[in-house]
Amino acid sequence: MTTHIEPAPDVEQLLEVFKALANPVRLQVLGWLREPERHFPVDRAIADPAEVGVCVSHIQEKLGLAQSTVSAYMAVLHRAGLVRATRVGKWTHYKRDEARIAELVELFGRTL
């Protein structure tokens, strides 16, 4: 007999984060976004990467993947609370949510 136990809300949050980070490309992008000026073309940015984030087109260019694939990857990171999305004109910019990442690290420490 198998018993199904629903995870607590805190555990659900962590599971969403772990799923997002389980993909090496998403993990790499999150690492790049830690230092956007180092990893993306600041001279071609239409907004301040440190303030607003990195344009999805620059992330796509660096990865060499289809726009739809990159958008799907970024949506997973966004749903997990690891990045914030900001629209600048017709472009979406992504920035790490450092406060949320710190909360998740603390939650991870309390949960395990």
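What's counted below: heavy atoms across the whole structure, side chains too, no hydrogens, waters or symmetry copies.
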Worksheet item: Quick one: are V25 and L65 in side-chain contact, heavy atoms under 4.5 Å?
Response: yes
Fill in: Main-chain N/O of E103 paired with R100 side-chain donor or acceptor, under 3.5 Å
no
Worksheet item: Who passes salt bridge (charged side-chain N to carboxylate O under 4.0 Å, His left out) against E16, sequence neighbours left out?
Response: none
Item to complete: Taking side chain to side chain donor-acceptor pair (under 3.5 Å) as the test, write out the residues that go with S71, two or more places apart.
Response: Q67
Fill in: Note, M74 side chain near H78 side chain (heavy atom, < 4.5 Å)
no
Worksheet entry | Student check: side-chain heavy atoms of V70 and L63 closer than 4.5 Å | yes
Worksheet item: Below 4.5 Å, heavy atoms only, C-beta onward: do S57 and W91 meet side chain to side chain?
Response: yes
Fill in: side-chain contact (heavy atoms from CB on, under 4.5 Å) partners of R96, counting only residues at least two apart
L30, L33, R34, E98, I101
Worksheet item: In Å, rounded to the nearest 0.5 Å, how long is the span from CG of N23 to OH of Y73?
Response: 4.5 Å
Practice prompt. Evaluate side chain to side chain contact (heavy atoms under 4.5 Å, CB included) for V29 paired with I59, printing each intermediate quantity in order.
Written response: CA-CA 8 Å; V29 169; I59 298 170; 4.1 Å; yes
Item to complete: May I ask you to decide if H39's main-chain N or O and K62's side chain share a donor-acceptor pair within less than 3.5 Å?
Response: yes
Discussion item. Centre-to-centre under 6.0 Å for F108 and F18, is that the case here?
Written reply: yes
Worksheet item: Given side chains that start at C-beta, do those of Y94 and V54 come closer than 4.5 Å, heavy atoms only?
Response: no
Discussion item. Testing V83, V76, L82 one by one against R26 for a side chain to side chain contact (heavy atoms under 4.5 Å, CB included), which residue passes?
Written reply: V76
Item to complete: Could you please spell out the steps behind the side chain to side chain contact (heavy atoms under 4.5 Å, CB included) verdict for K95 and T86?
Response: CA-CA 8 Å; K95 178 179 178 170; T86 303; over 6 Å; no
Worksheet item: When rounded to the nearest 0.5 angstrom, what distance separates CH2 in W32 from CZ in R38?
Response: 12.0 Å
Worksheet item: Is the number of heavy atoms from other residues, nucleotides or ligands under 6.0 Å of R110 CZ greater than 12?
Response: yes
Worksheet entry | Nearest non-hydrogen partners of L77 and A20, listed with the distance | CD2-CB, 4.2 Å
